[in-house]
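Comments concern the structure below.
Since the model is a prediction, treat every value here as computed from it, not as a measurement. Numbers here are sequence positions counted from 1. Atoms considered below: every heavy atom in the structure, side chains included; atoms not considered: hydrogens, waters and symmetry mates.
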Amino acid sequence: MAGQRIDIMDLRSLILFKQKGLSNRKVAELMGINRKTVDSYVGRFKELSLGYSELLLLENSDLEDVFSKNGQTEKQRYEQLSGMFSFIQQELRKPGCTLQILWRGYIGKNPDGYKYSQFTWHYRQWSRRNNVSGKLEHLAGEKLFVDFCGKKLHYVDRSTGEQIAVEVFVAVLPCSQYTYVRAVPSQKREDFISCLVYCLGWLGGVPYAIVPDNLKSAVSKGSKYAPVLNKTFADFGLFYGCSLDPTRPYRPQDKALVERAVTLVYQRIFYPIQQHTFFSLAQLNDAIADRLVEYNDYLFSHGNGSRRSHFIDTEKAFLQPLPQGIYSIRNYKRGTVQKTSHVYMSEDKNYYSCPYRFIGLSVEIQYNQDTVEIFYRNERIAFHKRSYKAGTYTTVGEHMPSSHQYYNNWNPEHFEKRAEKIGPDTKNYISRLIGQYDYPEIGYKQAQGILGLTKSYTPERIENACKRALGFEKSSYHTIEKILKNKMDITDLFSGQDHVTPDHGNIRGSYK
């Protein structure tokens, strides 16, 4: 297709924006892409005669296929199924007929047809569009509404007696009104995502859409029509294969059901457990879980079952299966590849190598609890196991330039010549600092930092500090910085009055 190709995450964002009624020009502006690119994708949508909701429910591979040269296959598959909708509707009126039975007949004749979840979803979408009664109904397994309660619960810190306030997360499946509740330390992104992970595991399946309020932990930029999701929340949605559709600000009808659930949670969970004292968040959540069983088993006023029975009978089967593995929250940061061929990750205060040809370029760092990946223009250029030790360099040898390949005059001789102007001990210290690394480029930045201390201290003090630091096993910029900061360079180095213990470049001592 003509125009710029965009990745799957951006394509899903484009579809979400169009689903909310935004113009092509506005979508292009929000996404920072060319207007013609949006035009070409929208034109393709019309060719396929598929709604935006239907496109969002396609798997990534299917969605890519829709916009490839073989995309016509998807259109034909849908047209084949849509031709059966009237027949399916008539058959379902017969006693004993179910969608499961009809799907078996369909897939028997069409082995390459839709799987059961897609088959039922497409039919329900068609049925809703053709519902002449106009009655709004929540489809089974379609949406999960989530929010945090306005009020908080507490537990007591045994050691201090302090009351610790915690946030309370609530999730509701609108079709059955089956409800999940969990207490967490905050509404921050990590706690919000952990609540969703626990909730989906508890449900045993995944709805087709998750509908949060415009929480800061979910939305980067609020909007009446098209809130912009933060990348971590968007990545969560892609992992679980569901769309994410925040409610509109100042539109209480969008979240009336979850707000009603919150009111009932106050009455049936908050009030009873507030009569007790808990000494940990785990104890509090155990009590919530016990009350939640009663809450979901509570009979509806009309007497037609409970939330749990409705969930088991009408909704559980329509949830998508859980993906394999547990979601690990992915974070996103920007960085610049330094002259040492490393990028700095502020979260852990350490460095990761990139191929040296990317020196000076801006990159995106994506990381979870186990790994760190570095991307340049959406192409992964480096992959590392995550290190939590501050100040360390994680290096892949192939990323580093040859030790004989000089660039911008950064090489050992360059720094030694500059250090020699300060004094012989400074030169020796800089030489040892660079030489202690397998890749001397790693030491260049620290050497640059030491030489830059001349802006704040006299050459005599820096020379004195280097002389003292030569007695330590390991060299580092932080060693010299702390000696100068604590004025240890101007004491009698041999008086024994100061005790300095190096710890990977960190100084602990006292000045008398």
Side-chain angles (χ1 to χ4, degrees), residues 8-9 12-13 15-17 19-20 52-60 63 117-118 121 124-125 138-149 167-182 184 187-223 225-249 251 253-262 311 315-316 318-323 326-330:
I8 287 296
M9 187 178 287
R12 290 191 180 278
S13 296
I15 296 171
L16 282 169
F17 290 154
Q19 183 186 43
K20 295 176 183 295
Y52 296 124
S53 297
E54 295 165 314
L55 288 167
L56 287 171
L57 266 297
L58 294 175
E59 296 291 336
N60 284 350
L63 194 57
S117 60
Q118 281 289 97
W121 191 87
R124 291 178 185 278
Q125 287 294 99
H138 293 291
L139 303 181
E142 183 184 38
K143 292 182 178 180
L144 177 72
F145 288 89
V146 301
D147 201 359
F148 282 97
C149 295
E167 302 285 348
V168 179
F169 169 87
V170 176
V172 183
L173 288 169
C175 179
S176 62
Q177 297 185 41
Y178 199 49
T179 303
Y180 176 78
V181 182
R182 184 176 184 83
V184 285
Q187 292 190 24
K188 291 181 180 179
R189 180 175 52 189
E190 292 77 7
D191 289 327
F192 173 59
I193 295 295
S194 74
C195 285
L196 290 172
V197 171
Y198 277 112
C199 177
L200 296 181
W202 181 78
L203 291 173
V206 183
Y208 286 100
I210 294 177
V211 184
D213 196 1
N214 275 269
L215 301 168
K216 290 182 179 179
S217 49
V219 177
S220 295
K221 182 179 180 182
S223 168
Y225 299 106
V228 179
L229 303 174
N230 68 55
K231 282 192 171 184
T232 299
F233 190 35
D235 180 67
F236 167 87
L238 293 179
F239 179 85
Y240 281 97
C242 61
S243 61
L244 309 170
D245 187 21
T247 57
R248 297 170 295 173
R251 291 295 185 273
Q253 64 269 29
D254 284 4
K255 52 180 181 176
L257 191 143
V258 71
E259 290 187 343
R260 170 60 178 163
V262 168
F311 170 71
E315 189 150 27
K316 186 174 182 179
F318 294 100
L319 294 174
Q320 302 177 89
L322 289 166
I326 301 297
Y327 177 73
S328 179
I329 188 169
R330 181 173 290 268

Looking only at heavy atoms, what is the nearest atom pair of Leu200 and Pro207, with distance?
-> CD2-CD, 3.7 Å

Below 4.5 Å, heavy atoms only, C-beta onward: do Leu144 and Val172 meet side chain to side chain?
-> no

Centre of Tyr198's six-membered ring, under 6.0 Å away, within 45 degrees of the axis: is that where NZ or CZ of Arg182 sits?
-> yes

With the side chain counted from C-beta on, respond yes when Cys199 and Tyr180 share a heavy-atom pair under 4.5 Å apart, and no when they do not.
-> yes

Is there side-chain contact between Val197 and Phe239, with heavy atoms separated by less than 4.5 Å?
-> no

Taking all atoms of both residues into account, what is the closest heavy-atom pair of Cys242 and Ile210, and its distance?
-> SG-CD1, 3.8 Å

Side-chain touch Val146/Val211, heavy atoms, less than 4.5 angstrom | no

Contact summary for Val206 and Pro323, nearest pair of heavy atoms = CG2-CD, 4.3 Å

Between CG of Leu196 and OH of Tyr240, what distance do you get to the nearest 0.5 Å?
-> 8.5 Å

Would you say Phe318 and Cys175 make side-chain contact, with heavy atoms under 4.5 Å?
-> no

Do Leu173 and Glu142 come close enough that some side-chain heavy atom pair is under 4.5 Å?
-> no

Please name all residues satisfying side chain to side chain contact (heavy atoms under 4.5 Å, CB included) with Val262, sequence neighbours left out, ordered by chain then number.
-> Cys149, Val170, Tyr266

With sequence neighbours excluded, residues passing side chain to side chain donor-acceptor pair (under 3.5 Å) with Tyr327 = Asp235

Name all residues meeting the side chain to side chain contact (heavy atoms under 4.5 Å, CB included) criterion together with Glu167; count only those two or more places apart in sequence or in a different chain, and write none if there are none.
-> Phe148, Lys152, Val184, Gln187

Starting at CD1 of Ile193, measure out to CZ of Phe236 and round the result to the nearest 0.5 Å.
-> 5.5 Å

Within the distance-only criterion (no hydrogens, no angle test), does the side chain of Glu315 pair as donor or acceptor with the backbone N or O of Gly141 below 3.5 angstrom?
-> yes

So, do Lys143 and Tyr208 sit near enough that their side-chain heavy atoms are less than 4.5 Å apart?
-> no

Should Phe17 and Tyr52 count as side-chain neighbours, where that means a heavy-atom distance under 4.5 Å?
-> no

Do any N or O atoms from the side chain of Ser176 and from the backbone of Pro174 form a donor-acceptor pair under 3.5 angstrom?
-> no

